[in-house]
Amino acid sequence: MPDINRVPSGESNLNDNSRQVYIASRFIYGPYTQYAIQAGKFIAGGPVNAVLDYFRVDDELPNPCYHWCVVVGDFYHQLQSDENDKCYYENQRLHWIDCWNWTKVSTTKFNDVAIVAAATKVIRAMPKEYHLLTNNCQHFTLNLLDLICRDGRRKVYTLENPLTLKAAYVPGADDSKEADQEQEVEIAFVVNDEAHLDMKLEAEKFMNEKTPMATLEDI
């Protein structure tokens with residue numbers, strides 16, 4: 001399924017006004033609930049049982065109907081999966097009836113267009129198949145935080161397509177071809193590695209603690 005983008009088109013900007021970054025969670029309802037339950041049952045009935053036996057976890061799994069995303073400004077950004085358990089990226093404008101539970105994790109200077117580009121990069125780098133334990137909305141959330149919460153900026157010159165740069169990521173770049181001449185691009189990078197890692201670890205810990213568990217019978 002193709003990604004779904006509802007952010008208006010415009011110029012990507014890594015150095016916009018600083019905004020709060022939140023992670024948000026809720027139970028999902030409607031057709032996505034059925035997809036989540038089916039995925040949970042498939043995984044719970046397969047090799048995960050052996051893992052649960054090994055670690056003696058009493059058949060508890062993260063509830064597949066509990067969902068996480070990244071919220072910045074007026075939009076939330078999330079991993080979704082279709083009826084075939086194929087992952088895709090979707091963003092949506094926030095509404096007061098959405099019933100998200102929020103917690104602040106960091107700040108970003110990426111504008112909405114830049115966040116869409118970063119999220120697109122994240123989803124392309126992740127496995128295509130959804131997995132309840134190893135490839136889910138929490139992994140997408142952490143990977144997106146890693147990209148958009150980088151606080152350093154610098155200009156570099158490159159003949160490479162900006163998406164292939166090792167130092168960081170240049171959102172909004174055309175990844176269909178290589179640059180034919182040297183160009184100046186701005187990249188985002190981590191200034192304080194320890195603080196950046198702490199931010200990600202705290203976000204991961206928070207999600208793990210807040211995600212309800214479910215038994216095989218519940219699923």
Side-chain angles (χ1 to χ4, degrees), residues 3-8 10-26 66-80 87-94 98 100-127 134-156 158 161-173 175 185-211:
D3 297 333
I4 300 174
N5 175 35
R6 298 179 177 90
V7 171
E11 291 294 322
S12 175
N13 185 357
L14 280 67
N15 237 342
D16 208 8
N17 295 327
S18 181
R19 295 184 291 171
Q20 305 290 343
V21 178
Y22 302 87
I23 53 176
S25 60
R26 67 177 181 183
Y66 203 71
H67 187 56
W68 290 91
C69 70
V70 174
V71 176
V72 182
D74 295 330
F75 292 90
Y76 59 90
H77 305 265
Q78 61 188 344
L79 175 147
Q80 296 279 37
C87 297
Y88 64 95
Y89 160 62
E90 180 181 22
N91 57 56
Q92 182 71 269
R93 190 176 290 274
L94 285 167
D98 287 338
W100 291 102
N101 298 307
W102 300 14
T103 187
K104 178 190 169 185
V105 292
S106 190
T107 59
T108 186
K109 290 188 174 182
F110 281 43
N111 69 358
D112 290 332
V113 177
I115 294 174
V116 171
T120 301
K121 176 181 174 64
V122 167
I123 201 69
R124 288 179 181 175
M126 294 177 68
T134 62
N135 192 52
N136 58 37
C137 56
Q138 292 189 36
H139 297 95
F140 173 85
T141 296
L142 289 172
N143 291 337
L144 184 55
L145 291 177
D146 179 44
L147 286 188
I148 68 173
C149 297
R150 300 181 178 196
D151 46 3
R153 300 291 182 272
R154 64 170 173 261
K155 296 292 182 70
V156 298
T158 180
N161 181 312
L163 288 177
T164 68
L165 288 174
K166 302 299 183 184
Y169 168 57
V170 183
D175 62 351
V185 295
E186 185 175 43
I187 63 171
F189 67 96
V190 176
V191 174
N192 186 326
D193 290 333
E194 183 176 354
H196 189 73
L197 178 60
D198 285 345
M199 178 273 295
K200 292 190 294 180
L201 291 176
E202 284 298 315
E204 182 177 27
K205 178 182 176 183
F206 184 84
M207 288 191 288
N208 288 338
E209 290 177 348
K210 296 299 182 181
T211 300

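Reckoned from all heavy atoms, side chains included, excluding hydrogens, waters and symmetry mates. Just so we're clear, the structure is a prediction, and the values are computed from it rather than from any experiment.
Shown here are the side chain to side chain contact (heavy atoms under 4.5 Å, CB included) partners of Asp16, two or more places apart in sequence or in another chain: Asn13, Asn111. A search for salt bridge (charged side-chain N to carboxylate O under 4.0 Å, His left out) contacts involving Asp112 returns Arg19, not counting sequence neighbours. Looking at residues two or more places apart in sequence or on another chain, you find a ring pair (Phe, Tyr, Trp, His ring centres under 6.0 Å) between Tyr76 and Trp100. Considering only residues two or more places apart in sequence or on other chains, Arg153 meets the salt bridge (charged side-chain N to carboxylate O under 4.0 Å, His left out) condition with none of them. Asp3 meets the salt bridge (charged side-chain N to carboxylate O under 4.0 Å, His left out) test with no other residue; sequence neighbours excluded.
Contact record, Val71 with Cys69: CG2-SG, 4.0 Å, taken as the closest heavy-atom pair. Smallest separation of non-hydrogen atoms from Cys87 and Asn135: SG-ND2, 3.6 Å. Taking every heavy atom of both residues into account, Asn101 and Tyr66 meet most closely at ND2-OH, 3.9 Å. Closest approach of Gln138 to Trp68, counting heavy atoms only: CG-CD1, 3.7 Å. Taking all atoms of both residues into account, the shortest heavy-atom contact from Gly10 to Val113 is O-CG1, 3.6 Å. Scanning all heavy atoms of the two residues, the minimum distance from Asp193 to Val190 falls at OD1-CG1, 3.4 Å.
Using a 4.5 Å heavy-atom cutoff, the side chains of Arg150 and Leu14 are not in contact. Within the 4.5 Å cutoff, the side chain of Ser106 has no heavy atoms near those of the Leu145 side chain. Between Val70 and Ile148 the shortest side-chain heavy-atom distance falls below 4.5 Å.
Here the CG-CG distance, from Asn91 to Asp74, works out to 11.5 Å after rounding to the nearest 0.5 Å. Distance CG/Asn136 to CE/Met126: 7.0 Å, rounded to 0.5 Å. Note that CD of Gln80 is 4.5 Å distant from OH of Tyr88, once rounded to the nearest 0.5 Å. The distance from atom CZ of Arg154 to atom CD1 of Ile187, rounded to the nearest 0.5 Å, is 4.0 Å. Here CG of Asn5 is found 11.0 Å from CD of Gln92. Values are rounded to the nearest 0.5 Å. To the nearest 0.5 Å, the span separating CZ on Phe189 from CG on Asp151 amounts to 8.0 Å.
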What verdict does the side-chain contact (heavy atoms from CB on, under 4.5 Å) test give for Leu79 and His139, after you've listed the backbone C-alpha separation in whole Å, the side-chain angles of each residue and the deciding distance to 0.1 Å?
CA-CA 9 Å; Leu79 175 147; His139 297 95; over 6 Å; no

Name each donor-acceptor pair under 3.5 Å that joins a side chain in residues 196-203 to protein atoms two or more places apart or in another chain, with its distance.
residue, atom, partner, partner atom, Å
His196, NE2, Asp146, O, 3.4
His196, NE2, Asp146, OD1, 2.8
Lys200, NZ, Asp146, OD1, 3.4

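Between Tyr22 and Trp102, the angle of the ring planes lies from 30° to 60°, which puts this pair in the tilted group.
With hydrogens and angles left out, the side-chain atoms of Thr120 and Tyr89 include no donor and acceptor closer than 3.5 Å.
Annotation: cation-pi geometry not satisfied between Arg6 and Phe75 (NZ/CZ under 6.0 angstrom from ring centroid, within 45° of ring axis).
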